[in-house]
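Atoms within a ligand are numbered from 1 in the order they appear, just like the ligands themselves.
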Amino acid sequence: MRNFYDLTITELQDHLVQKGYKAYNADQIYKWVYEQKVFDFEQMSNISKNLRMDLSHWFQIKDLEIDSVQESSDGTVKYLFKLEDGSLIETVLMTNDYGMSVCVTSQVGCNMGCSFCASGLIKKARDLEIFELVSQITSVENHKNIRITHVVVMGTGEPFDNYDNVMEFIRVINYKNGLQIGSRHITVSTCGIVPKIYQYAKETIKTNLAISLHAANNELRNQLMPINKAYPIEEVLKACNHYFDMTGRRITFEYILLQGVNDSKEQADELSDLLRGINCYVNLIPYNPVLEFKYKKTDQNRANEFHAQLLRRGINAILRREQGSDIDAACGQLRYKKENAI
Ligand code: SAH
C-alpha cells in the first residue's frame, strides 16, 4: 500500500478529483496528518465516511522503524532508521536556540567518494523515495513530540544525485497546510554538481544552497573531492553567482578544517581571494575524525586563527561549534559501524 508521505499536495488533489472527490479534501487530509498528527483516517471527522474508507484502502501513514537512538550530552540525537528493504539510514536532530533542526539523509550510501567522508565508505545502493525523506522528519517529530523548524539535507548521500525526489520532498515539507517548514529554513548541501545548481535556481520554492568547498584551489580539491575533476571550482562559483542572481539567497560554503591539509594562513588568504565579491558566507566545520582515514581535526587555536584571517580579509565566516561528536554524528559513521560491527 502506498505511504501517505509520498504524496505532494497536487498529487493528492489529482488523485481525489480523479476518484470523484473534491480537491479541497486534500488540504483537509494534509492538515489532519501533518498539523493535527492524526494517523487514523477514521478519525478525520470533517471528511465523509466514504472518503475515509477509501483513504484507508489507498494509503497507509507510517513512520520509519527506529533501529537505534543515540543521545549526546549536548542534546543532539542521532537516529538509525531501518527501511523496508533492510537498509539503514541516519538522521540527526539538533536543538538550537532558534529551533529544532533535522539533518536528512538523501541516499542509501554515496558515490561521490570524498576522501574524508565516512558516507562514501559504503557505495550508493539506491536513492531514497519521497516518503523516506519526508518520514525522516515526521518520525523524529512523532518520536520526540516536537515540531521541526529547520531542515538541512546534509546527511549521507548527494541530494543533487537524487534531485527529483529531493525537490518533491521540499514541496511536501514546505506546504502551508502541511509541516510548514519555511523555504528560508531549508538548506540543500551539494558537493557541487554544476548542472543541477542551474536547475535548482529555477525552482519555484527558493531554498538555501550550501556548497561543500573544502579547498580553495583545484589541485587540492581534486584530491579531497573527485567530483571536482568533473566540475572544477571556477564552474561551481559561476553557478553559485547565478543562483544568487536568480534567488537572492546568500550561498553557504562549507569548509572542513583538516589539520595540515587546508588550514594554513596562506590557505585562508587564498580562500578569501577566491570568494571575494560573491554574496556568501563560509561555514568552518571542525572535522569529525573517521577511524578509517588519516585526516586529523585542526586544533582550536589554529581554527580560530583561520577564522580570524577570513574575517580580516572581509569574508563572512562562522566557526561552527561541534555537535554530537560523542555519538558518531559524523556523516555515515553510525551506519558504517553497525554494518561492520565495529
Ligand atoms: N553530499 C552533500 C551532502 C552530504 S555531506 C555534500 O557534499 O554537501 C554534508 C557535509 O558534511 C559536507 O560539507 C561534507 O563535506 C561534510 N562532512 C563529511 N564528512 C565529515 C566529517 N567527518 N566531519 C565533518 N564534516 C564532514
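Looking only at atom types and distance, the side chain of T190 has no donor-acceptor partner in the side chain of Y200 under 3.5 Å away. Judged purely by distance below 3.5 Å, without hydrogens or angles, the side chains of S48 and N50 never pair a donor atom with an acceptor atom.
Contact annotation for T190 and ligand 1: only backbone heavy atoms (N, CA, C, O) come within less than 4.0 Å of the ligand. Contacts of E158 with ligand 1, taken as heavy-atom pairs under 4.0 Å, involve both backbone and side chain. Residue H214 touches ligand 1 through its side chain alone, judged by heavy-atom distances below 4.0 Å. By the criterion of a heavy-atom distance under 4.0 Å, both the backbone and the side chain of N288 are placed next to ligand 1.
With H214 as the fixed residue, the ring-ring contact (aromatic ring centres under 6.0 Å, His included) test singles out one of F253, Y295, Y287, F116: F116.
Atom 18 (C) of ligand 1 has its nearest heavy-atom neighbour, among G192, C117, S115, P159, in C117. Selection from S189, C110, C114 by nearest heavy atom to atom 8 (O) of ligand 1 gives S189. Summarising the contacts of atom 25 (N) of ligand 1 with L213, I256, I227, V188, the nearest heavy atom is found in I256. Across C103, S212, P289, P286, heavy-atom proximity to atom 7 (O) of ligand 1 is greatest for S212.
Comment: E168 engages R171 in a salt bridge, judged by a side-chain N to carboxylate O separation of less than 4.0 angstrom. Contact check on R2 versus E11 returns a salt bridge, with a Lys/Arg side-chain nitrogen under 4.0 Å from an Asp/Glu carboxylate oxygen. Between D127 and K124 a salt bridge is recorded (basic side-chain N to carboxylate O distance below 4.0 Å). In summary, K37 and E141 engage in a salt bridge, as defined by a charged side-chain N under 4.0 Å from a carboxylate O.
Of all the atoms in ligand 1, the ones that sit under 4.0 Å from a non-hydrogen atom of C191 are 6 (C), 7 (O), 8 (O). Under a 4.0 Å criterion applied to the non-hydrogen atoms of G157, ligand 1 contributes the atoms 1 (N), 2 (C), 3 (C), 4 (C). Taking every non-hydrogen atom of V290 and a distance limit under 4.0 Å, the qualifying atoms of ligand 1 come out as 22 (N). Against a heavy-atom cut-off of under 4.0 Å, E254 is close to the following atoms of ligand 1: 10 (C), 12 (C), 13 (O).
Residue I285 has no N or O atom closer than 3.5 Å to an N or O atom of ligand 1.
K31 NZ: 12 or fewer foreign heavy atoms inside a 6.0 Å radius.
The aromatic rings of F81 and Y79 lie parallel to each other, their planes meeting at an angle below 30°, with 60° marking the opposite boundary.
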